[in-house]
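Letters go in sequence order (proteins before strands), and every chain restarts at 1.
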Protein chains: 2
Amino acid sequence: MPAVVVSRLSLYLRELQHLVRAGRATVSSSQLATLFGFTDAQVRKDLAYFGHFGHPGIGYRCSELIAEIRRILGTDRQWTVTMVGVGNMGRALLRYRGFSTQGFCIVAAFDRDQSIVGSQIEGVPVFDVSRLGEIVRAQGIQLGMITVPANEAQQVADQLVAAGIAGIVNFAPVALSLPEEVGLVGVDLTTELEQLAFSVANRCSSR
Amino acid sequence: MPAVVVSRLSLYLRELQHLVRAGRATVSSSQLATLFGFTDAQVRKDLAYFGHFGHPGIGYRCSELIAEIRRILGTDRQWTVTMVGVGNMGRALLRYRGFSTQGFCIVAAFDRDQSIVGSQIEGVPVFDVSRLGEIVRAQGIQLGMITVPANEAQQVADQLVAAGIAGIVNFAPVALSLPEEVGLVGVDLTTELEQLAFSVANRCSSR
DNA sequence: CTGTGTGAAGGCCTTCACAGCC
DNA sequence: GGCTGTGAAGGCCTTCACACAG
């Protein structure tokens, strides 16, 4: 299965949830496709990698497909998440409601700023970063989000790995070096703006 | 040229800047490649699409390559940016220093919360969203970042397009429909976590 | 007739392997 | 020896086109 399929499944899931909220019961591959500028064949192939979810002549039942995609992504279960770095970005993400509704529960945050250690932000307790290993291990936290400055990110990542984390989302603008068996996703906002600048400067529609 | 090349150029740029800060003068394609888990041939091909920047036997001079990549991306010039939606995410992004050093200058923000309209956040003035068209047009603002709730994002995008914006970064978790000639990049944090969950649940190293 | 699932074809992207250069 | 730039090969991903189902 192509690697990009999973990211498209996430997009399908998101729009399916919007469709259900709008009262739609079914959707066809071509309707889904036009939302993103994909082809209908691509949508069907993406879904067919994982099973037979469609109904010929009807399309896909939204709620049914939502359940299937969540099962595929593994977000039908709950994931425990920690956030390391409670600066501007960390705080914004802690306050973002979208994670918990999709199966991600932030259970602990870490920082070294003593003025916030011991407090709670949106119900999430903030611990001193020196207790990272202890708490991640004790609570069996599965995923970590790194929102510290770039020059501290690798060290934090190493601590998370040592504590047995299964995957990391890295918001620091630096490449991390991790063991093969730990999942890694990088999010760099400057990179995204640069993408946009290039596509605008070269008038190449990225779609 | 493959579409993904541009996103890799951004990554090269980022690490080159780290290398320069660490005092490195040159770097080879294989050294750059191992930072990301790419092949050396890929790095060379990516760069060779745009010119002959390397020096056989030496590698690439970091500062030289930085200048070239910035020129390619279009970030050797300054871009004016606006942010629509000054909630948690918007505020965090306004306070993020990384944009301005890479050529992106946030010159105005918009919200409809009257308690912040008229104030400044990190030196960026916050206007009522009703003045969006007027101000974007008057100041010739080039790029827009959308950080409003999903159900308001399309409407905001339409206003930005009407005001003549050249490109949009959409942080709202919804697919936007824009005219072909307007650049669009989507950033969905939940999607990123879902990627990670899948790769962990299926123990497939995404690298 | 609408719409899915899917082999086959086509195209795009990456990797290989080496000529050329320092 | 070290390293880049690049045609050729290979592989991966998307699109096509159609059999089949409701």
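A salt bridge is absent between B:Asp128 and B:Arg112: the closest approach of a Lys/Arg side-chain nitrogen to an acidic carboxylate oxygen does not fall below 4.0 angstrom.
In this entry the distance linking CZ of A:Phe36 with P of D:dT14 reads 15 Å, nearest Å. Note: CZ (B:Phe50) to P (D:dT4) measures 18 Å, nearest angstrom. As rounded to whole Å, 16 Å separates atom P of D:dC3 from atom CG of B:Leu65. Atom pair A:Asp46:CG and D:dT14:C1' shows a separation of 10 Å (rounding to whole Å applied).
Around the CZ atom of A:Arg71, the shell of radius 6.0 Å holds more than 12 heavy atoms that belong to other residues, nucleotides or ligands.
B:Glu194 and A:Ser10 get closest at one heavy-atom pair: OE1-OG, 2.6 Å.
For the pair A:Tyr60 and C:dG5, the criterion of a side-chain N or O lying under 4.0 Å from OP1 or OP2 is met. Taking only side-chain nitrogens and oxygens, B:Thr39 never comes nearer than 4.0 Å to OP1 or OP2 of C:dT14. Phosphate proximity of D:dC3 to B:Ser29: absent, as no side-chain N or O sits under 4.0 Å from OP1 or OP2. Look at A:Gln42 and you'll find a side-chain N or O under 4.0 angstrom from OP1 or OP2 of D:dT15. Close to D:dT4, at under 4.0 Å from its OP1 or OP2, lies no side-chain N or O of B:Arg61. Remark: A:Arg44 is not in phosphate contact with D:dC16, judged by side-chain N or O atoms under 4.0 Å from OP1 or OP2.
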So which protein N/O to nucleotides 19-22 of chain D N/O distances come out below 3.5 Å?
{"unit_1": "D:dG22", "atom_1": "O4'", "unit_2": "A:Pro56", "atom_2": "O", "d": "3.3"}

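Looking at B:Val5 and B:Phe50, their side chains come closer than 4.5 Å, going by heavy atoms from C-beta outward.
If you take CD on A:Gln42 and OG on A:Ser29, they are separated by 11.5 Å, rounding to the nearest 0.5 Å.
Not a single donor-acceptor pair, N or O on each side, falls under 3.5 Å between the base of D:dT6 and the side chain of B:Lys45.
Aromatic ring orientation, B:Phe127 versus B:Phe110: tilted (interplanar angle from 30° to 60°).
Within the nucleic acid shown, A:Ser30 has no heavy atom closer than 4.0 Å to any nucleic acid atom. Nucleic acid contact class of A:Val5 (heavy atoms, under 4.0 Å, all strands): none. Residue B:Phe53 is in sugar-phosphate contact alone, with no base atom involved, counting any heavy-atom pair closer than 4.0 Å across all strands shown.
Of the candidates D:dC13, C:dC16, C:dT14, C:dC16 carries the atom nearest the B:Ala41 side chain, counting heavy atoms from C-beta on.
A residue-by-residue look at B:Asp40 and A:Phe38 shows that B:Asp40 has its nearest nucleotide of DNA chain D further toward the 5' end.
Side-chain atoms of A:Arg61 do not come within 3.5 Å of backbone N or O of A:Ser63 as any donor-acceptor pair.
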